[in-house]
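Here is how names work: the chains are called A, B, and so on, in the same order as the sequence lines, proteins then strands, and each is numbered from 1.
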Amino acid sequence: MLCPNQIYFKVIKGKAINKGVTNIMKKFILKRLLISVVLLFFVSLIIYGIMRCMPTSYVENQAMALATRPGSKSYQEWVEQLNAQYGLDTGVIQGYFSWAARAIRLDFGDSWYWNQPVLQKFSSVIWYSFALALASFILEIAIAIPAGISAARKQYSMTDYTVTVVALIGISLPSFFFATILKYIFSVKLGWLDLYGIVGRNHQSLSDFGKFIDIAKHMILPTLTLLVVSIGSLMRYTRTNMLEVLGADYIRTARAKGLSEKKVVNYHAFRNTLIPIVTLLGGSLPGLFGGAMITETLFQIPGIGYTSYQCIVQGDIPFVMFYMVFMAVLTLLGNLLADILYAVVDPRVRVN
Amino acid sequence: MENNKEEMHLDDAARVKVLSPGMMVAKRFFRNKLAIVGIVIIIAMFLFSFIGGMLIPYSQSQVFYTTEEIKKDYAGATQIAQYQFQTVEGESLPADIYSKTMIAASTDKYVFTSRDGNVYGLGTEGKDVFIVYALEETKLLLKKNVDYEAAVEAGRNTFVSNDTTYLFDGDDVNADVYIATELAVGSMSSFTSFSAGTKFTYEFYRNALIAVSNGQKSFEADDTTYEVDGEVIKTGGEEYALVSDMNFNAVEAGVFLSPAYKAAATEAFEAGADSFSYADEQGDMVEYHIENKNGQYLLKRYQETRVIDSYASPSKAHWFGTDGNGMDLLARLMYGGRISLLIGFVVIFIEVFIGMIIGGVSGFFGGWVDNLLMRLVDVVYCIPSMPLYLILGSIMDFYQAGATTRIYMLCIVMAVIGWVGIARIVRGQILSLREQEFMVAAEATGLSTYRRIFKHLIPNVIPQLIVFASMGLGDVILAEATLSFLGLGIKYPAASWGSIINAVNDSYVMTNYLFVWLPAGMFILLTVLAFNFIGDGLRDAFDPKMKR
Amino acid sequence: MSGVRAKTTKPLGAGPYVFEKYENKIVYMTANEHYYKGAPATKNLQWKVTSNPDKEPGVVQGTIDIADPSASKSALEQIAGENSNNEITGDKLSTVLTDYRGYGYIGINSENVKVGDDHASEQSKDLRKAIATVISAYRDVVIDSYYGEAASVINYPISNTSWAAPQASDPDYAVAFSKDVEGNDIYTEGMSDDEKYAAALQAALGYFEAAGYTVEDGKLTAAPEGAKLSYEIYIGGAGQGDHPSFGILTAASEALGSIGFDLVINDLSDTSILWSALDAGTAELWCAAWQTTIDPDMFQIYHSQGGDAGKYSIYSETLDAMVEDAAATTNQAVRKALYKECLDFIVDFAVEIPIYQRQDCTIYSTERVNMDSVTKDQTTFYTYLNEIEKIAMN
C-alpha cells in the first residue's frame, strides 16, 4: 500500500488525472445537493407530522387559558376557533403543504409562542448560542488534538493516563453536574463571576466595548461547561487514531528510512491522523447552531437551545418547523462537507 | 504468533503451536492489565446491582421516618365573637343557627325560619344570652294575660303560663304567639371546668348563664347550689367552673386545658408577650409561643413529631444515608444500577444490531443500495429527538404503562434515534476493507457472499465498533440522566443513577449532602471507565500489529 | 395601522416604574419621576429570570438583591446557614415570611367517584370519605418533613389568609376527616403515629362497608354497582415526585393497597394533561392548589353555575343557596358564619381534602439593600411591591 503522501504527489504530477478528478467531484457535489433537496422534503414532512401528533398542542393550551376567564366561551368553542385561526383544522398533509408553499418563499410566518416573526426571534437568540459553541469548539480543538497526539506518542506513560482519565471524567458525567460545580466554585465561593445571566447589572451604563467585555465575562462559565463535556471524546478519538496510524506499515518504513522522529510524527503521522478527525469536525458544523439546552437553562442564557425547547413543549409549530428545517439543512450540508473533506484530504478515496 | 514465554529450540514441536484467532485475542486481552481492571469493575457493578439488590432488605421506594422537635400548633384562643350553643340532651340545632342568631341579635327579630323549614325563636334572658326554642304557632289571647304583662314589663319576650312556655313576637297584644320548646342556650361565654372529665349538664349551663348575665350571686341546677364569685362558679366552697369571654380550643381532640393554664395564657396575651411557660403533667416547664393574628391567638410548642428522614447521614441503618425523600440510597443505587446498566446494554445492543445490518449491506453492495440507505441514514439523523421523547412520555402516561414497559420503550426510542452513527462507521470500514487484497482473495477462492461478509468482513469491523460501542454506553447512561432532568426518563419513585445524580442541581444539596450524589457519580464514572478500558483492551487484542 | 400599533405595544400606566425593554431575559424599568407618591428612591429596576435553586446563592453572591425562593425547610436552613447568627435574618440575608394567598388540596370529582348513579347519596359520600380519611392521616408527617414550620396543615378548604377561615380557636374547629362512619373521633390523645394510621385505615373500612363494598377478613373483595376497586389520581410533579402531596399519596396508596383498594398514582410529566382532564371532567382524583382573593366568595368553585363547577361537580341546591346567601349580606360576622356552614357542607360532601397552607418567602441582601426602607409588617396581600418606590440601596 502506498502511503497517502505518495499517491498525492502522483496525482498532482498527473495534471490530466487531476482535472478528471475535479470533474468527478463537481458531478458528485451536484448530485448530492439535488438529493439533499429531496431529503429535505421528506425530513420536513416527517417533522411536521411529529409536531402535529404532539399530545397537547398550542391551541389547546391557549383555549384552556382563555376558557377559564370569567364569562368566556366554552373550551370546545375556543379550540375550534383557534384551530381555524392557526390553520390546524386541516389534515396533516394539507397543513404541511400550506406550510411548505410559504416556506419555499422563505416566509416562515410568525411564532405563536413569542408573537414575533420567526426569523426575527431566531436571529435574536442564535448568536449567543453560536458564540458559545464557537468558543468552545475552538478551545476544544486547540486542547484536545495536541493532548490526544502526545498521549498516543507516549503510550502508557503518565501523560497518557492523565489524558485518558481527564477525558473519561469529562464524558462520563452530565453537563448540569459540571455547570453546578463551576457555578458553586467560581461564583458563590470565589465570587469572581456572576452566578448566571448573559449581562451584568451595570450593563446598560457601559460603553460598547464595555458591554462586549461584560457579555464575554458572562460566557466564561458556560463555555467551560460545554468544553469539559465535549473535550473528552475528541481527545480519545485523536489518541485512538494516532495509535492506529503509528502502528501502520508506512510509519515503520519512514522510521526505517531514517527520518527523524519529529518528521515522522509531525509530518507523516499527523496528517493521516487528521483524516478522520477533519471529517468528524466538518460534520459537527450543525452542532454549532444547535445550542445546548441544559447549559443555557442553567445559566439563563437566551439562546436557541432553551428557546427551541420551550417552543417544542408549547407546540409552537412555525418556530419549530423553521428551526428543525434549518438544522436539517445544516446537517445535510455538514454531511456533504464531511464527505468532500474526506475526499480532499484522503486521495485514496478520490482515486476509487 | 510469537510465543516468548520460554526459550525454545528451532525444531521444537511445541513451538509451532497454533492457537485459534479467538484464543489469541483472549490471550492478548488478558495480558492487558487495564482491561482486566475494567472487567473486574463491570462484574462488580453487575453483582452490586443484581445480587445486592436481592440481598438488601429495603426497597428502592421505601420511605424512612425519624422524629424531630418541631413547633406545632397546640391550641387557639380568641375573644368570643360568635354565639356558642349548648343543646338540651337529645336535641339538635339546624346548621344555620349561628348565622340566623347573629342576624336576629343585630336586627332584634327573634323569630326566624331555618333553611330546613322549621321555625325557631330566641328568648332573651340577659345580655347576649338567648334560649333557643322550637316554635309552633298558636292562638292565645294576650290581652289581660298576667304572665304576658309581667314579661313585657321585664323586657322579655317569653312567659310561662300553665306550664307551657310561650314566645310572642310583636309590640302589642296582637303579637304572634308561639308554643316554645326549649332546645338550647346561646351565649358569648365559655365554660371551663376545674377538673378534667367534668361534663356540664344543660341545666347547669342554662342556669349559670342566666345567673351570670343577670348578676345573681347564686343559682340552682341539678339539685345543687352554686355560688357565683366573679368569673368563678363554686359549689360547696370548691371551684367548679370558670366563665370567660375567651374561647380556648386545643387542636388535638381530647386535650384538657385547665383554667389555670388559660389564666396564664390570658395574662400573657394582655401583656403582649411572645411566650409563656406552664408546667405540664410531669411538672416540667414547657414554653408556649404565642402568635397573634388580629386577636386570634395561636399557641405553639415544640413537640416530638415524626418526620421523613431526609438527607440522613450514612449510618449503620443506612450505609449511604437517605436522599431528599427519605429513601435509602444504597437500595436506590442498587436498583438504579440495574436500570442504568440494563438501559445501556439494551440500547447499545439494538443500535449495533440495526447499525451493523444497514451499514454492512450498504457498504458491501455499494451502488444504489448504498446511496438509498445512506440517504435514509441522513433523514433519520435529521429527525429531532426531543419531540419524540415528549410524545413517548405522554403516550405512556395515557396508557398508564408500567415501569418496566416504560424502560423498554425508552430503550427502543433511544436506539432508533442513535443507530445512525454505528451504521456510518460500519459502512466506512467496509468500504475501505472491501478493496483490500484479502477480500479479493476471498472472492477469488469462490467463497459465498454470506461467508465473505460474516466470516471475513465483519470481524474486521468489530474493533472500531467495539470502541464506539463502549463509548456509546457511557453516552446512553448520560442521556438517560439528562432525560430525567427534564422529567422524561425514569419515573419517580423508580431509581436510576441518572435520576439520583439529578440531586446535584441544588447547590445546597451538592455541598452539604455529598453522600447523596457522590456515590452515584462515582459509579457512573467507574462504569464508563471500565467499559472504555475493556474497549481499549479488546481493540488492542484484535489488532494483529500491536507492538506489545 | 402602525400608528395604532405603536400605541398598543407600548405599555401605559401610572405606576412608580416605567417598562423600558425586555432583553436577555431581563426586564428593565426606570423610575417614573411623576409618580403621585413622589419620585421612587431607586432609579433603575431590573427583573431577572431566575431558576429556583439559583435564587438564594444569587442574592448572596450579588447577581440579584431581592428574591423569592420557595419556602421549604431546606431553603430556610440554607438561608440561616449563610447568616453568621444562624437565623433567617442576619448580616447577609434578611427574610420576610408571609402566608401564601392560597392553599394546596386534593380534589375528587364526585361524578367520577361515586356509588351507583347519585353522586350526592350517602353511599357515594362514604366512598369518598373512605379514601379521604386515609389520605388525611398522612398529611402531618409529610408537610412537617418538607416544610417544617414554613407550612401548616389546614382542615378546611379555605386559605388561612382569609378572614372567613375557621381558626383553631373556634370551638367547632374539627380536623378534616377525623370522624368515622358513626361520628366518633378516630384519633385520641396520645396515639402514636402508627396507631393513627391503623385507626384511619379501620375507619376507612367502616366507610367502605357503609358505601356498599364487601369486606372479608379486613379486605375489600367486591365493589358495589357503579363503583370500582381502583381509582386514579393525577399529580403534576413533572415526573420527579417533587410535589409534597406525592409523599402523602405514596403512603396512602400503600395503606389502601393493604386492604385491597388500589389508588393508582399517575405522576404526569406534562401537567397540561391534568388541566385538560379537569376541564373535560374526566379526572377522578387530583392534586392542585387554589389561589384566593381577599374576598372568600365561593361562587366560582362551588356554585352550580360557577366557572369551575365541573371540577368537583357538587351541583347541590342547598350549597347554592348558602353561597348566594353569603354574598347577599355585608355583615362580616354573618358571612363568616355562613361560609363556615358552606365549608362544613363541602367537607361532608368529601370532594376536597385540604392539605396545607404554605408561606411565601422573600429574601433581601442585608448588605446591599437598606432594610429600613423595606415595607415593615408585610402581609399576604401587602408586600414590598406595594411600597416599592421607597426601597433604597445602601
Contact part of [X] toward chain B, heavy-atom cut-off under 4.5 Å: side chain, backbone, both or neither?
X       : answer
K336(C) : side chain
V264(C) : side chain
D325(C) : side chain
N266(C) : side chain

Using heavy-atom distances under 4.5 Å, tell me whether [X] contacts chain C through its side chain, its backbone, both, or neither.
X       : value
K100(B) : neither
Y513(B) : side chain
T305(B) : side chain

Would you give the length of the straight line joining atom [atom1] of [X] to atom [atom2] of [Y], rounded to the nearest 0.5 angstrom?
X       : Y       : atom1 : atom2 : answer
M102(B) : Q332(C) : CE    : CD    : 10.5 Å
E77(C)  : Y311(B) : CD    : OH    : 10.0 Å
L338(C) : I103(B) : CG    : CD1   : 6.5 Å
Y65(B)  : D144(C) : OH    : CG    : 12.0 Å
Q167(C) : Y297(B) : CD    : OH    : 13.5 Å

Determine whether E68(B) and K73(C) make a side-chain contact, defined as any pair of heavy atoms from C-beta on separated by less than 4.5 Å.
yes

Do the non-hydrogen side-chain atoms of N512(B) and Q78(C) ever get within less than 4.5 Å of each other?
no

Give the minimum heavy-atom separation between S106(B) and N331(C), together with the two atoms involved.
OG-ND2, 4.4 Å

What residue in D96(B), L298(B), T101(B) has the most heavy-atom pairs under 4.5 Å with chain C?
D96(B)

Taking salt bridge (charged side-chain N to carboxylate O under 4.0 Å, His left out) as the test, write out the residues that go with D309(B), two or more places apart.
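Counting only residues at least two positions away or on another chain, D309(B) forms no salt bridge (charged side-chain N to carboxylate O under 4.0 Å, His left out).
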
R335(C), E341(C), K340(C) screened by side chain to side chain donor-acceptor pair (under 3.5 Å) with S99(B), the one that passes:
E341(C)

Enclosure of [X] [atom1] (heavy-atom neighbours >12, cutoff 6.0 Å):
X       : atom1 : answer
D274(B) : CG    : no
K109(B) : NZ    : no
D116(B) : CG    : yes

Does S74(C) have any side chain to side chain donor-acceptor pair (under 3.5 Å) partners at least two apart in sequence or in another chain, and if so, which?
S72(C)

